[in-house]
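A, B, ... follow the sequence lines: proteins, then strands. Residue 1 opens every chain. In this text, all values refer to a predicted model and were calculated from it rather than measured experimentally.
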Amino acid sequence: MQLPSLSELNLGLTVPALSLALWACILLVIDLFIPRDRKSVTAWLAAGGVVFAFIANLLVYRDPGVAFMGLFVADEFAGFLNIVVLLTAFIAILMSVDYLKRTGIERGEYYVLLLMTTSGIMFMNSANDLAVVFIALELLSIPLYVLAAFRAPEERSEEAGLKYFILGAFASAFFVFGAALIYGATGSSSLPVIVDAVGRALAGEGSSLLLLLMGSGLILAGLGFKVAVVPFHMWTPDVYEGAPTPVTAFMSVGAKVGGFAALLRILLVALPALTVAEGDAVAGWQTATWVVAALTLILGNIVAISQTNIKRLLAYSSIAHAGYVLMAVAAAGTPGVSDQATRAALIYLMAYMFTNLGAFAVAMAIEKDDGSGTSLDDFKGLGRSRPLLAAIMAVFMLSLTGIPLTAGFVGKWVVFQATIEAGLYTLAVIGVLTSVISAFYYVRVIVNMFLEDGEGDPAAAATPYVQWAIYLTFAGTLVLGIIPSLVTNLSGPVALAVASLVP
Amino acid sequence: MENYPQLVPLIILIPALGAIINMLVGARLTERWSSLIATTASALSFVIAILLYSYLHASGYQAAIVNPPVLQDWILIESLNINIPWQLRVDTLSVTMMLVITGVGTLIHIYSAGYMHGDPRFSRFFVYLNLFLAFMLILVAGNNFLVLFVGWEGVGLCSWFLIGFWFDKSRGIGWKNANAARKAMIANRVGDFGMLIGIFLTFWTFSTLDFYRPGEIANPHAGEHGAAVEHVEAATVEGETAGEHGDEHGDEHAAGPVYTDNEHIPTEQLGVFGQAERMLALPEGDPGRTVALGPFRADIVAVLGLITFFFLIGVTGKSAQIPLFVWLPDAMAGPTPASALIHAATMVTAGVYLMVRSNVFYAAADLTSLLVTIIGVATALVAGFVALGQWDIKRVLAYSTVSQLGFMVAAVGIGAYGAAMFHLVTHAFFKALLFLGSGSVIHGVEHGHHETHHAAHGDGHAGEADEFDPQDMRNMGGLASRMPVTYITYLIGTLALAGIWPFAGFWSKDEILGDSWVAGLVNNELGGFIALAGLLLAAAFTAFYMWRQVELVFHGRPRTEAAAHAPESSLSMLIPLIVLAVFSVIGGFINLPGNAAIPTLGLDAVLGVHQFGSFLEHSVVNIHAADLQPLIAIVALGLAIGAILMARSIYGLNRGVTADRRDVLEANASFSRMWRLANARLYWDETYRRLFEQPFNRTSQFLADTLDWAFWHDYVHDTIIAKGFRAIGTLLSQPVDLGLIDGVVNGIGRLMRWASGGLREIQTGYVRTYAVSVLLGVVVVLIILLLPYIQRALASGN
C-alpha cells in the first residue's frame, strides 16, 4: 500500500476548519500568558480566528473538491453552513465577553472550547465518511458538554453538563451502532461508495435491506438527539436553562447546524435510493422523518406555551424550529425535490440563526448577574424603560413566529414550499397550524413588553458587546426578511452534487 | 463611456443617502452643512445625469438597461412565472427627465438654503427634498410599470410631507396646511386606484411589466423617416443623425450579429410595448390579437383602450387634471421651493411622462386619446379661467400649472408626444422660475412686513398686523424697483409662459398648437379641432393672468408699508432665478422648427432643427413632430400680445385694485359676475363638497348614529340580545349550568391538568427517564421504518 503524498491530501480545502482547530490549540497556550483581568484579549484573539476562518471559507467555498482522499468534502453546501456556523460563533463570542465577566466565570479556555466545537461543526458540514461524521460529532459534542457545565460550581450548570454528557454519549452510541450496521450492509463507510452498494442491495444482490433500514433509523436517532427533535429532546430544556446563556445560544444554533448537515448529507448522498420495495418513489426514511417532524412540531410548540422562563421558552421553541428544518429533510426524501428541500433547510437554518441568537442576546441583556431575571414577567414594562431593545425583541419574536418582512418568514416559506412540492400535505398543514400556535407564546412576550406594567427595573445590562450582537442579528433578520433574494440566490447553487463527488 | 449606464443606480442612491444623512444627523448640523449635504447630493445626481447623456450621445442613443445589485430579482415567483425585476432604464426619454429633475432640483436646493433660513425644521426640509429626488428618479428610471409605481407613490408621499410641512403654524393655518396635504393624498389615492388597475391589466395582457427587454430596440425606425423629422446633415456638435451613429458603434463593438430591429426576438420575450406592437400588426380577427378577460375575449385595441383609460385616471390625479385637479392649488400651502420643484416642475409632470412612455398604447387607443384631449383642453381652459380671479400670488401660478399641464395632456391626446415632452421641459424651466420668483417676492414682503412691524411696535397695531398675508397680491405693488433681479427674471418667466417669441414657451406651446393644426385640419381628427380652439383660448388666458400678476405685484405704487420696505432676496435665492431665467430664454432652442417662415435668429443652422424630437424618437415610437404652422404661430402670438396689452390697459397704472380692495374687473358691473365666478374657482370645490363630501358625511352619520348606535346598540344589543340573554340565562343557569356544563368544563379542565401534569411528570429531570425516552424513540422510529419491510416480507411469505 502506498502512502498518499501531501499534495494528494488537498489540504488547502480544509483550511477553514483546520485553521480553527489549530488556532484553538495555540490559543490554549497563549491564554496562559494573558493576565486574569484581561481575558477579553483572548476573546478578541478567538474572534480573530473566527474571522480568518470565515474569510478562508469564502475563498474556498465556491470551488468544490475533496480532501483527505475523499473523507472530507468542501462544497457549497458545506461552505454555506460554515458561514452560518462561523457567524454563530462570532456572535456567541460577542455575547460572552461581558457575560463571563459579570458572572465571574471568565476563564480563557471558554473561548478555546468554543472554537473547538465550532471546528467540529465545520467538520460535520464537510464529512463525507461515516467515521469522519462520528469523529466530528464528538469534536462538536465534548467541548459543548464542558461549556454547558462552565458555570460550575453552580448546581444547575453542573447538572446541565452532566446530563448532556450522559445522554449525549448514549445518543452517540446509537449513531455508531447505525453506522456499523450500514457498514455491515455495504462494506464501506464512505458515503459515495455506500450509495452504489445500496443500489446493489436493492437489486437483490444482498439481503442487507434490513440492516440498511435499521442503520438509517439509528443514525436518525443519534443525530436527532443532537438537533433536539422529539422524542430525543428531553435534555434540551434542562441543559438550555442550566448552561451559561451564551453557550445556550450557541448550542441552540451550532449543534443543530452540525446535526442537520450530517443528517442531510448521509440521507441524501448515501441513502437517497433506500427504498423498501423496488418501485417505491420516495426514500424509505421519509415516513419516519416526517412522523418525527410532526411530533416535534406539535410537542415543541404546545409545551412552549406553558413556559414561564424565557430560556426554557426558547429551548422549546428551538425544538419546534428543529421540527421545521426536519420538515425540509422529510421533503428531501421525494426524488426531484431533494435539491429544493436542501436549499430550504439551509435557508431556514440561516434565518433561524440570526433570529434565535438575537432573541438570546436580548434575553441576556435583561438577565441579572446571578442568572435570575429571565422569567417572562421580567419583560413587563421593557417597552417603556428600554423602547429600542423591546422593539428589536419584538421583531425577533415576530421573526420566530414567521411574520413577513422578517427572516423567519422567508425560512418558513421555503420550507413549506418544499414540503408541498414533495406532496407531504399533512405535514405542511401541521407546520402551518403549529406556527399559529407558536404565535401565542411569542406574542405574549411582546404583550408583556409593551402592554403590561413592570414592577421595578428590567435590568439594563446590555453592554456594548451584547448590543453589537443584538444589532448584528437584528440587521440579519431584517435584511433576510426584506431582501430574501440575497440568500435564495446565495444558496441557489447549493446542492449536494452527488455524482461529482464519487471518487 | 460604455459603462456609464452602470452609474444609474447611483443617481437614485446619492440623494437617498443625502436624505438618510440629514435624517440621522441633520438636527445636529448647522444649516450650512445640512443644506450643503443635500445640495451636493442633488448636484452629484445632476453630474451623473450628464454622464448618462454623454453615454447616449456617444452610443448613438442606444438605450441601456441596468440591473442594480441586490435587488435584481425583485419580485420573482417562478412557479407562477411572475418576474418583475428591479431594472433601471437609460434611454433618451428617461435621461431627459433625469436632466430636468436633477438640474432644476439642484437649483431649487440652492434656493431653499436661502428661503428656509431660520426654519426650525431646516434639515428636515432637505431630507424631504432629497427623498423626493430619489423617488422621482426611481419613477423615471424604472424599466417597468411597477418600479415606476414605487416612484409614483414615493413622490406622492414626499408631496404629502412637504405640503403639510408647516402643519404646526398657529391660528389654524397649520390645520389648513395639514388639510391641504390630506386633500392631495386623497385625490391622488383615487388616481392611484386607476393606475393600479391599469398596471394589473397590463400584466394580465402581456404577462410582464417591462417596458422593453434587454436587447430590444424601442424604436427601430428612429431617424429613418425624414418626412416626420428633418435632420440637418451638417456636421455640427449635435447635428449628427442618430442612425449613422448607431451603425458605427454597432460595427465597432457588437460581437454577435447587429440587429436593427426586433424581428429575431420571440413575442413572449418582448416588453409590453413590443408585444403590443406585434399584436397590433396582426390582421383583424387573428386569434393572436385577442386577450382573455375572464369569460370575455377582447381585441387588443379594446384592451389597450381600457389600460390607457385606467392610466388616465392615475394621470388626472398625479398631473392634476379634471376631475382630480382640485388638490394642486391647495398644495401651495407648502414651502415655495417645494411648490416649485414638486408641484410645478417635476412631480406633476409624472403623468405626462407616463403617457409619453406608454405612447404605443395611447397611439392605438383612439377613444382614450380623444378623452385625453378633451380632459387636457378642458383643464387648460378651466384652470386658465380660474387663474384670472385669484389674489394669492402662488395660487395664480398653481392654476397656471394646472392649465399648462392641460396643454401637455392635450398634446398627448392628439398624438404629439414629442411636443408634450418639449413643453414639459420648457415649462419646468419657466414655471420653476416663476415659483421661485414668487417665493422671493413673498420672502421680501414678509421681511418688509417684519421691518415695518418692528418699527411700528408699540402703536397697538400688533394684533391687526399679524393677519397680514404676504401672499396676497393686494398687499404688493411697485416691487420692481425694490427687487430688480426678481422683477427682471419674473418678467422673463412671464413672457416665456405667455409664449412670446423667442422665449422658450413660444416654441413648445406653438409646437403643440401646430400639431393640433395638423391633427385637426390635415388629418381631420376631432381631437385636433378641439385642441386647436381650446388651447388658443387658454393661451390667451395665460398671457392675460400672467400680465395681471406682473402689474399687481411689480408695477404701480406699493399698496402696503410692507411692500414699500421689501428688500431684495439673498444671493443664494437670486442665483437660481438667474440661471433659470437664462434657460427660460434659450430653452426653446433645443427643438427649433424646420419652417423657414418662423424666424429662428439663425440658430437653426447652428443647432439643427427638431433636435429634441429626434433625440426622443429613440425611445418614443410615435413622436409626430409637426412643424410650426406660421399662421397658428402668428395668431397665437397675436393673441398673447393682445392679452398682455389688454391686461396692461386694465390693471396698469395702479388701477388694478380699487380702494375697497376689490379687483377692477369685479368693480366693473359688466364683468363682475364673471370675475366672481373665477374668484370662486367656478364653485368646483363646492360642487365636490356637495356631490361627494356631504353625501358621504351624511351616510356615515346615518350609519354611525342611526344604524350602529340607535338600532344595533340600543335596540339589538340591549333589547334583543341583552334582555333575551338574561332571560335564557336565568332559565339555564340553575339546572343546566351548575349541573351539566360545569361538570363538562371542569372535566375538560381536569383533563388538561392531568395531561400537562403527565407531561410535566415525564420531564422529571432524571437522566434515566430521559434515556428511556430516547430508547423508546429509537424503537418507534425503527418500527416505522421497518413496518413496510415487514409487510412486504409477510406478503411475499404468503
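Checked by atom type, the side-chain pair B:Tyr770/A:Asp238 shows a donor-acceptor distance below 3.5 Å.
Residue A:Thr289 does not touch chain B at all, counting heavy-atom pairs closer than 4.5 Å. For A:Leu213, the parts lying near chain B are the backbone and the side chain together; criterion is any non-hydrogen pair under 4.5 Å. Both the backbone and the side chain of B:Leu785 come within less than 4.5 Å of a heavy atom of chain A.
Shown here is B:Glu268, whose CD atom has more than 12 heavy atoms of other residues, nucleotides or ligands within 6.0 Å.
Using a 30° and 60° split on the angle between ring planes, A:Tyr164 and A:Tyr145 fall in the perpendicular class, above 60°.
The one candidate from B:Phe211, B:Phe206, B:Phe203 that meets the ring pair (Phe, Tyr, Trp, His ring centres under 6.0 Å) condition with B:Phe145 is B:Phe211.
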